[in-house]
Every structure is written in C-alpha cells, then in structure tokens.
Amino acid sequence: MELTLKDRLYIPAILPKEGNFKEFNHKKEVLRKIEISEQERTEAEMKENKETGRIEWNIEKDVPMSVEFSGDEVAYLKKACEKLSDELLPDDMWLVVEKIYDAAQAQ
C-alpha cells in the first residue's frame, strides 16, 4: 500500500482507542510500520504550526512509502474503518479509508 505522509498521520486517528490483546498487537505493528522517521521529517520540512497546532510539511517533498501489511493487519484496519462509517470526517481522511478497503479487496 502506498502511503503519503498525510495518510500516515491519519491512520492513528482511524484506529480504535481500545481493544483486545490481539488487536493491541496489530495496532502496535501497524503504527511501527507507518512511523515517520526523523530523516523523513527533516527531508519533508515537517513542523508544527504553533498558531494552529497543525502539522505542516512541504508536500512537494512528500515521497510516498510502500507499506506491506499482513492479512490480519489489513483486516484490523478494515474493521477500524467500518466503525467510522457513520462519522463525519474530512474528505481526505475518507481517501485513506478507501485505500484500506482497496487493500482489503486485493487480498
């Protein structure tokens, strides 16, 4: 799955705040795989806007990352997305949900 920095920032917000031990381990592994390294932060000029509290970066320097999730991890992500189906979310967050569903369909 190709993930941009924005995708990788949205995924933790999609994941449930609690779950059983198996789900906890899937969550931990997903978060490890999408972690944004210090080098990536520097290269993309990522910083927090003090006025708005939002994270900003140079989108022209955003190099998508290819991430391989296991079948169980994709199923966990899909389940997390299904819980959001009635939520009001920004359009670009729904694009991340769509990527996850596409990955689930491909498996």
Donor-acceptor contact below 3.5 Å, side chain [X] vs main chain [Y]:
X	Y	value
Asp62	Ile59	no
Glu29	His26	no
Glu23	Asn20	yes

**OP:** Please name all residues satisfying side chain to side chain contact (heavy atoms under 4.5 Å, CB included) with Lys28, sequence neighbours left out, ordered by chain then number.
**Re:**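 Residues passing side chain to side chain contact (heavy atoms under 4.5 Å, CB included) with Lys28: Phe24, Asn25.
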Original post:
When you look at Glu2 and Met65, which way does the side-chain contact (heavy atoms from CB on, under 4.5 Å) test go after all the steps?
Top reply: CA-CA 5 Å; Glu2 291 286 317; Met65 175 184 186; over 6 Å; no
**OP:** Locate the shortest heavy-atom distance separating Arg8 from Ser37; write the atom from each residue and the value.
**Re:** NH2-N, 4.5 Å
Original post:
Between Pro16 and Lys27, what is the shortest heavy-atom contact and its length?
Top reply: O-NZ, 2.8 Å
So do [Y] and [X] actually touch side chain to side chain, heavy atoms under 4.5 Å?
X	Y	answer
Ile36	Leu9	yes
Leu15	Leu77	yes
Leu3	Pro64	no

Original post:
Is it the case that more than 12 heavy atoms not belonging to Glu48 sit under 6.0 Å from its CD atom?
Top reply: yes
Please check if [X] and [Y] belong to a single hydrophobic cluster, counting links between Ile, Leu, Val, Met, Phe, Trp and Tyr side chain heavy atoms closer than 4.5 Å.
X	Y	value
Leu95	Ile100	no
Ile11	Met46	no
Met93	Leu5	no
Tyr76	Tyr10	yes
Met1	Val97	yes

Subject >> Candidate pair Trp57 and Glu43, rule side-chain contact (heavy atoms from CB on, under 4.5 Å), full reasoning >> reply: CA-CA 9 Å; Trp57 62 93; Glu43 290 173 358; over 6 Å; no
Original post:
If you measure from the Lys or Arg side-chain nitrogens to the Asp or Glu carboxylate oxygens, is any gap between Lys61 and Glu45 under 4.0 Å?
Top reply: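 Yes.
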**OP:** Can you measure from CD (Glu98) to CH2 (Trp94) and round to the nearest 0.5 angstrom?
**Re:**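 Going from CD on Glu98 over to CH2 on Trp94, the span is 11.0 Å.
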Original post:
Which value, rounded to the nearest 0.5 Å, describes the distance between Gln39 atom CD and Arg41 atom CZ?
Top reply: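 Here the rounded value is 12.5 Å.
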Original post:
Checking side-chain contact (heavy atoms from CB on, under 4.5 Å) for the pair Phe69/Lys33: CA distance, chi angles, key distance, verdict?
Top reply: CA-CA 8 Å; Phe69 293 114; Lys33 289 180 179 181; 4.0 Å; yes
